[in-house]
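In listed order, ligands and their atoms are each counted from 1.
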Amino acid sequence: MRRIIIDTDTAGDDTIALLTALHYFKVEGVTITGGNVAFDQQVENALYTIQVANPDYYVPVFKGLEGPILAAVNDEHRTVEDVHGQDGMGDAFFEKAKQQPEKKHAIDFIIEKVKGNPGEISLLAIAPMTNIAMAIKKDPTIVKDIPHIYIMGGTNNTLGNITAAAEYNFWVDPEAAKIILHSGIPITMVGWDICTKYSLMDNEDHKEINKLATSGSEFFIKINQVVKKFNEKVHRLNGTTHPDTILVAIAANEEIMTTSNMYYVDIETKGELTRGYSMVDINNRSGKQPNVRVCEVVDRAKYKEILLHVLDSVK
Ligand SMILES: [Ca+2]
């Protein structure tokens, strides 16, 4: 089984992504970055999700940085309880998890795990990339030891979600995204555009999921209550979006990504209107060396099959 670390701002779809990661990978650790909702709530959500998945090995959870690298300067970080509910779990207000977070800092965990297993540990990034970027700043030698980083973030020449120009993870910490994009680590990027095109689960899909009647399907229905209403109202989407889950599903089953291409990708960190905008240079007008494999088409039916399989297997 391939080994990974998953970095998450656990709320909403992060939880289903975590269930998917626990199904397909040996999860060496879960690291938490500031993002979706209050930081300690995210830690709790990750611990609770692991309890729901009930893996047959111990999965440690590490607290990382609670806000973006330049938070003090820009004061731009905003949580999104309106999207995911006050608890980040669709206002389900689950009981407290039995497991506690580890004492070690997420950044030190990432560095030690990667250095101790060179070329073995891929990273799944489903949050603002503050922890991973700062791990690289603390020990730049980890770059050559990370075989791949799969990123849910940015957009490929389409609308963002937190602003018209930017996707949430890139917008919260664009400096962190810039560090990662130019790190030299092999990258696969799955943008918000892929999420809206291929990950949407509509009312009929929800009924189908409900019929599975497993702990996994019940959990899915509960945590998606708030985001479903939000998507209808704000994004004019009929259903729930699963950006983090589709990223993990692709990392685990690359064949569902039926089209992808290498492009030069950079991020705007200063723009008055466009902070966090990801520039995907599909016509290579910059003449720069492509640095990111950008996901362009996903087999939606196969993706849905994976999602339902994962939810069905959480008994
Ligand atoms: Ca996330």
Exercise. What do the steps show when you test Lys302 against Glu255 for salt bridge (charged side-chain N to carboxylate O under 4.0 Å, His left out), and what is the final call?
Worked result: CA-CA 9 Å; Lys302 287 210 177 107; Glu255 69 281 1; over 6 Å; no
Counting only protein N, O or S atoms (no waters) closer than 3.0 Å to the Ca ion (ligand 1) gives 5
Worksheet item: Could you walk me through whether Lys229 and Asp91 pass the salt bridge (charged side-chain N to carboxylate O under 4.0 Å, His left out) check?
Response: CA-CA 12 Å; Lys229 289 175 199 139; Asp91 288 335; over 6 Å; no
Note to self: Taking Glu81's backbone N and O only, do any of them form a donor-acceptor pair with Thr79's side chain (distance below 3.5 Å, no angle check)?
What the structure shows: no
Closest non-hydrogen contact found for Gly88 with Val37 is CA-CG1, 3.8 Å
- Message: Can you classify the ring geometry of Tyr48 versus Phe94 as parallel (below 30°), tilted (30 to 60°) or perpendicular (above 60°)?
- Response: parallel
In short, salt bridge (charged side-chain N to carboxylate O under 4.0 Å, His left out) pairs touching residues 11-39 with sequence neighbours left out are Arg3-Glu28, Lys26-Glu28, Glu28-Lys113
